[in-house]
Protein chains: 2
Amino acid sequence: MTVRHSGGGQPERTLALLWRNKQAPNTQAPNTQAPDQQVPDQQVRRRTAGRRPSLDVDGVVRTGIQLADERGLEAASMGGVAKALGVGTMTLYTYVPSKEELLDLMVDEVLAERQLPGPAEPRPAGWRLQVELYSEQTRAMFQRHPWLARVSTVRPPVGPGMLAGREYLLSVLLPLGLSPRDTNTAALSITMYVDSAAGLEAENELVERATGQSNEAWWYDRNDLWETYFDVERHPAMTAIWNANGYQDTVRDAATDAYRYGLDRLLDGIQAQTEVAPDMP
Amino acid sequence: MTVRHSGGGQPERTLALLWRNKQAPNTQAPNTQAPDQQVPDQQVRRRTAGRRPSLDVDGVVRTGIQLADERGLEAASMGGVAKALGVGTMTLYTYVPSKEELLDLMVDEVLAERQLPGPAEPRPAGWRLQVELYSEQTRAMFQRHPWLARVSTVRPPVGPGMLAGREYLLSVLLPLGLSPRDTNTAALSITMYVDSAAGLEAENELVERATGQSNEAWWYDRNDLWETYFDVERHPAMTAIWNANGYQDTVRDAATDAYRYGLDRLLDGIQAQTEVAPDMP
DNA sequence: CGCATTCTCGTATACCCTACGGAAATAGCC
DNA sequence: GGCTATTTCCGTAGGGTATACGAGAATGCG
């Protein structure tokens with residue numbers, strides 16, 4: 001499932017774009033006297049001479065997201081975004097180094113949409129509910145932007161959105177008293193589970209939308225499988241579950257159930273590693 | 001990231017291809033007298049008149065897999081496979097209805113490579129070891145064929161390989177005594193976890209291969225993140241883990257640890273739902 | 001006004017999949 | 001030995017993708 005990867009091109013430029021309007025204080029504090037020279041060539045461009053830009057990065061990124069939301073990731077091609085903005089394709093390259101970077105920007109933007117409390121902000125009581133919050137926000141994000149499921153998560157955009165998610169989850173698990181190493185590992189396994197389960201749900205949506213065919217209709221079309229090819233002798237467990245009515249009615253129900261069940265069991269397992277009661281911080 | 005999906009085209013033809021040489025007995029048994037008429041037009045083609053084929057489906061599928069293994073999924077294009085076989089691109093369409101179907105065939109072929117014991121065959125003692133076997137076989141499969149990580153798993157190819165995997169996992173969980181519904185749900189959550197964790201490892205490999213850059217080098221290139229953009233105040237938990245040396249040395253180590261840790265915790269959680277001891281069948 | 005600077009974008013290249021339709025090869029029959 | 005039905009082979013053409021290159025247009029300052 002998936003697409004190209006964060007450019008080896010110019011990491012500094014990519015970082016500057018990802019953090020474009022949310023500079024950390026430590027860069028601003030040291031030399032507020034000379035604001036022009038601080039990030040010399042990429043962040044705050046000298047507005048002296050030259051043709052005025054007709055777009056800005058935020059607009060390009062938002063258009064990409066909107067197009068992908070409405071008509072799929074393929075619609076968010078360079079040509080597609082340019083047409084939606086009423087400019088020539090090559091004009092986009094003034095604002096964004098390449099397709100890859102645009103995608104990174106789109107991803108970090110929607111990652112940042114999740115409403116996760118920061119360090120000193122109020123949050124639900126109990127670490128499990130706090131993980132649930134992460135899970136729900138992430139699921140909602142995937143539902144709003146199902147194309148995310150098609151974007152690889154290794155080498156993610158290292159922007160504010162991704163960092164906020166990682167920070168939140170670590171801050172939730174830190175009080176559990178696991179070793180630092182285990183805390184990090186547990187956080188990774190939760191992210192992995194939540195992201196891929198939510199991604200699967202999104203992908204279902206995506207495929208139904210793209211093919212115009214419900215999952216149920218798809219299975220119905222494959223009825224021959226059971227009538228012609230399926231061998232009961234070779235598949236006794238499947239047959240037993242089938243006969244005991246163990247299969248959900250719809251693929252979506254099955255996926256949702258598996259999501260909740262698996263997350264609950266994963267958290268059960270993590271909890272058993274700690275001495276903390278489930279409703280303690 | 002990911003790719004297209006199982007064709008709404010002709011499900012019967014796709015099924016016949018997926019099951020091409022492993023027909024279930026119930027189709028053969030009823031009318032062995034008239035072997036020609038049995039699957040009239042697709043499976044065993046009448047070899048009467050007409051030009052002799054220069055290829056066969058297995059060869060096409062194996063070439064696709066080999067190309068994808070060696071040079072990435074993009075190399076397994078219709079043109080690429082045809083060139084590797086020394087025929088014109090359009091010739092492939094005699095053997096395979098479309099790119100989608102070829103991919104389905106490739107996927108089911110490698111799914112079937114996993115060595116998972118069938119119904120009456122010997123297997124490890126204890127359900128956790130049996131799940132481990134599934135996990136290890138699946139991981140090895142992803143390592144042999146990292147391109148799998150780029151193929152969507154919703155609407156999978158309903159061939160012998162996929163069914164064998166589902167059957168095995170269900171047969172492992174069935175003796176735990178969960179409700180049929182929960183047994184199925186637990187199996188789905190395990191598949192989901194294992195597939196996506198193994199997929200992530202594979203994708204790491206894939207990206208390192210495609211970019212020629214190790215993950216460590218990639219992070220090194222982004223050192224500016226920490227020096228220029230990262231705000232310690234906003235990210236106390238990350239900072240704490242960092243200071244406590246909680247981050248693994250390499251991205252790969254972190255992924256592998258998270259894989260094992262998460263799977264163990266998930267199985268802990270499932271086990272707690274049952275009354276069966278871990279080393280009982 | 002001149003001119004450095006910056007943004008705009010047409011063209012060209014090199015891929016991808018596949019609909020179409022004609023050419024080539026084969027088996028059986030007369 | 002041809003004739004014909006059948007099957008395989010595959011060139012071409014059309015519609016998509018990203019982006020390197022370089023010419024042209026707009027702007028602000030001296």
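Letters go in sequence order (proteins before strands), and every chain restarts at 1. Note: hydrogens, waters and symmetry copies are ignored here, and every other heavy atom, side chains too, is used.
- Of the listed nucleotides (D/dC9, D/dG24, D/dT19), D/dT19 has the atom at the smallest distance from the side chain of A/Met78.
- Nucleic acid contact class of A/Thr89 (heavy atoms, under 4.0 Å, all strands): base.
- In this structure, the nucleotide among C/dC17, D/dC10, C/dT6 sitting nearest to the side chain of B/Val87 is D/dC10.
- At whole-Å resolution of the value, CG in B/Leu92 and P in C/dC17 are 10 Å apart.
- The interatomic distance linking A/Glu100 (CD) with D/dT19 (P) rounds to 7 Å, in whole Å.
- In this structure, B/Leu73 atom CG and C/dC15 atom C1' are separated by 15 Å, rounded to whole Å.
- For B/Met90, the listed nucleotide lying nearest its side chain is D/dC10; candidates were D/dT19, C/dC9, D/dC10.
- In this structure, A/Glu74 atom CD and C/dC16 atom P are separated by 18 Å, rounded to whole Å.
- Distance NZ (B/Lys83) to C1' (D/dG11): 15 Å, rounded to an integer number of Å.
- The interatomic distance linking A/Tyr95 (OH) with C/dT6 (P) rounds to 13 Å, in whole Å.
- Salt bridge status for A/Arg150 with A/Glu203: present, with a side-chain N to carboxylate O gap under 4.0 Å.
- Dashed line: the shortest gap from a side-chain N or O of A/Tyr93 to OP1 or OP2 of D/dC21 is not under 4.0 Å.
- Taking atom CG of B/Leu102 as the reference point, atom P of C/dT18 lies 10 Å away to the nearest angstrom.
- Across all non-hydrogen atoms, the minimal contact from A/Leu18 to A/Pro157 is CD2-CB, 3.9 Å.
- Here A/Glu113 pairs with A/Arg144 in a salt bridge; the nearest charged N to carboxylate O distance falls below 4.0 Å.
- Within the structure, every side-chain polar atom (N or O) of B/Arg52 is placed at least 4.0 Å from both OP1 and OP2 of D/dC9.
- A 4.5 Å side-chain heavy-atom check between B/Trp147 and B/Val110 finds at least one atom pair inside the cut-off.
- Contact annotation: B/Thr91 side-chain N/O to D/dC10 OP1/OP2 distance is under 4.0 Å.
- A/Thr63 and A/Gln66 form no side-chain donor-acceptor contact under 3.5 Å, judged by distance and modelled atom types alone.
- Here D/dA18 is the nucleotide among D/dT27, D/dG11, D/dA18 with the atom lying nearest to any side-chain atom of A/Ser77.
- To the nearest angstrom, C1' of C/dA25 lies 15 Å from CG of B/Leu55.
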